[in-house]
There are 2 protein chains.
Amino acid sequence: MSTNFDIVQLRSSCATCSLRELCLPVGLNDQEVHLLGEVVSHKRKIRRGGYLYHTSTKFQTLYAIKSGFFKTCILEEDGRQQVTGFHMTGELLGLDAISGDLHTCDAIALENSEVCEIPFGKLEEISRTIPSLMRHFHKIMSREIVRDHSIMLLLGSMKAEERLASFLLNMSRRFAIRGYSETSFILRMTREEIGSYLGLKLETVSRAFSKLQHETLITVNNKHIQILDLDRLKLKMGNTSCLT
Amino acid sequence: MSTNFDIVQLRSSCATCSLRELCLPVGLNDQEVHLLGEVVSHKRKIRRGGYLYHTSTKFQTLYAIKSGFFKTCILEEDGRQQVTGFHMTGELLGLDAISGDLHTCDAIALENSEVCEIPFGKLEEISRTIPSLMRHFHKIMSREIVRDHSIMLLLGSMKAEERLASFLLNMSRRFAIRGYSETSFILRMTREEIGSYLGLKLETVSRAFSKLQHETLITVNNKHIQILDLDRLKLKMGNTSCLT
DNA sequence: TTGTTTAATTGATCTAAATCAATATAACCG
DNA sequence: CGGTTATATTGATTTAGATCAATTAAACAA
């Protein structure tokens, strides 16, 4: 993977919120950036607990997270809820709506957040004239598929502690990419949401946290996690290349 | 979803194996079909047990399955193996190689099979001039992501019997789409492979089969499955919209 | 055909995680 | 601020599915 950035990455220096603040790690020239700018909408604010989109949302729109944190989840009629992913600043959201007319899951803000909307049709249109953009977009979709396969591996063959270790390392890496500390971070989601994502019950997640803490691999203070030994934590998850 | 066909669908009448046999459910005109034909290679045969591609395969190539049956799986150093999917005639394979330079899993033929190779770069190129093709391709990728989320729901919150019911119904639907019987079919994969896919051990899969048979929902004769009551089987899986 | 290997079923036992339950701690609000 | 609700931890018990083990049935090759 040549780049660790998703399609729309905030310029660290930007303060206002027009499209020009967004740049792409695909080597666009100024004119191309301008073209893309025309397509991306101004930011939209979502309050903590609010919905970015519902299962029933019809618009084929992608969202670039400018700031904040989201979960996506499937809610079944029988009450079963499955968290399918967590999404942080700088990442892209909404790839599931392209296949049909509807989103297949809900996207809910776990803290006050800001997103930029990217109408998919328009993105498709301009990417026809900018090959590098199109290519980059395809890589992002493919990466999503690869990621999902990693989670299948996790859900299908790892035990509780391995799953949590894998999850923490994944979060760590993603925080690092965005320029935050990779050893000390706040998890925006609840134990229940982590559990849903990892196919575990919240009590099991809590126990796994405690276990890792007793082994002095991490420090847990409610939602604040500190990783004390990255290497030993990696060993925990069983040298699997999980959660890329 | 307007169409149930994947990007390359065999013309049922075709006997020879050049590109012209392939048609797309995207309303291409003759000239466009010809263009696409130039891109898709002649068929390649894979024997039962053979590899279509390895984890290390470098080429960003998609494969349209002309005939046969494949599994894709991740093989870990520690021996853990996770089947990430089964792929049948008419379906597309290799979407995972686009994100990087390498495939992230192996594709193995479960019976003698034939595929057409589609160099991804070339597909990208011509889809730039054929918007409907590009659109269709994006839908396929998105659908893959949605599918994976369904499997996460399955692995994360369903119990053994529900998983198997869900799996059988998914196979049934896919056979039906390709024009085969939706109530009587041969499963090419072993119990172990089903188990790996569903996050279960082979013994558990076997027991679940027996249980469903005792409840007269299905008939099991080794790899030959007959569904006796589709509706009751759907109830089994707990009204979840799983495995789309 | 017969021997050999591979796959599938079924039973007995064990265990990791679910479930049930009781506090404890943090977040929220009038 | 105190009172209410949401979240987290920890313990006791149960259970679904894993593991171990034995048998049967297919697939395959000489």
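Quick note on labels: first sequence line is chain A, next is B, and so on, each numbered from 1. Just so we're clear, the structure is a prediction, and the values are computed from it rather than from any experiment. The figures that follow rest on heavy atoms only: side chains count, while hydrogens, waters and symmetry mates do not.
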Checklist entry - Under the ring pair (Phe, Tyr, Trp, His ring centres under 6.0 Å) rule, what pairs show up with a residue in residues 209-233 of chain A, not counting sequence neighbours? => result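 Not a single pair qualifies under ring pair (Phe, Tyr, Trp, His ring centres under 6.0 Å).
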
Rounded to whole Å, please give me the gap between [atom1] in [X] and [atom2] in [N].
| X | N | atom1 | atom2 | result |
| --- | --- | --- | --- | --- |
| A/Glu161 | C/dA17 | CD | P | 8 Å |
| B/Leu212 | C/dA8 | CG | P | 16 Å |
| A/Ile186 | C/dA26 | CD1 | P | 13 Å |
| B/Gln213 | C/dA8 | CD | C1' | 12 Å |
| A/Glu111 | C/dC28 | CD | P | 13 Å |
| A/Lys159 | D/dT19 | NZ | C1' | 11 Å |
| B/Leu155 | D/dG17 | CG | P | 13 Å |
| B/Ile218 | C/dA8 | CD1 | P | 14 Å |

Item to check | A/Lys201 side chain, from C-beta outward: closest of D/dG17, D/dT19, C/dT19 | outcome: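 Looking only at heavy atoms from C-beta outward on A/Lys201, the closest nucleotide is C/dT19.
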
Item to check | Residues in side chain to side chain donor-acceptor pair (under 3.5 Å) contact with A/Gln60, at least two apart in sequence or another chain | outcome: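 Only B/Arg135 meet the side chain to side chain donor-acceptor pair (under 3.5 Å) criterion with A/Gln60.
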
Next on the checklist: Taking side chain to side chain donor-acceptor pair (under 3.5 Å) as the definition, give me every residue that meets it alongside A/Thr104, ordered by chain and number, with sequence neighbours left out.
Outcome noted: A/Asp96

Checklist entry - With a 6.0 Å cut-off on ring centres, are A/Tyr197 and A/Phe86 close enough? => result yes

Checklist entry - With ring centroids as reference points, do B/Tyr53 and B/Phe59 lie under 6.0 angstrom apart? => result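 No, the ring centres sit 6.0 Å or more apart.
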
Checklist outcome for this item: Reading nucleotides 5-14 of chain D from 5' to 3' and marking B where a protein heavy atom lies under 4.0 Å of the base, S where only the sugar-phosphate is that close, and - otherwise, the string is --SSBBBB--

Item to check | side chain to side chain contact (heavy atoms under 4.5 Å, CB included) involving B/Leu102 - partner list, sequence neighbours excluded | outcome: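 Checked B/Leu102 against side chain to side chain contact (heavy atoms under 4.5 Å, CB included); matches are B/Lys58.
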
Next on the checklist: Using five pairs at each end of the helix from C/dT1-D/dA30 to C/dG30-D/dC1 to define an axis, what is the angle between those two axes, to 10°?
Outcome noted: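 Rounded value for the end-axis angle: 50°.
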
Checklist entry - At under 4.0 Å between heavy atoms, what does B/Gly195 touch on the DNA or RNA strands: base, sugar-phosphate, or nothing? => result nothing

Checklist entry - Are A/Glu182 and A/Arg173 ion-paired here, with the side-chain N under 4.0 Å from a carboxylate O? => result no

Next on the checklist: By the definition side-chain contact (heavy atoms from CB on, under 4.5 Å), identify the one residue from A/Thr219, A/Leu212, A/Leu233, A/Leu217 that meets it with A/Leu228.
Outcome noted: A/Thr219

Next on the checklist: Under a plain distance cut-off of 3.5 Å, with no hydrogens placed, do A/Thr72 and A/His87 share a side-chain donor-acceptor pair?
Outcome noted: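 Side-chain D/A pair, A/His87 to A/Thr72: present.
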
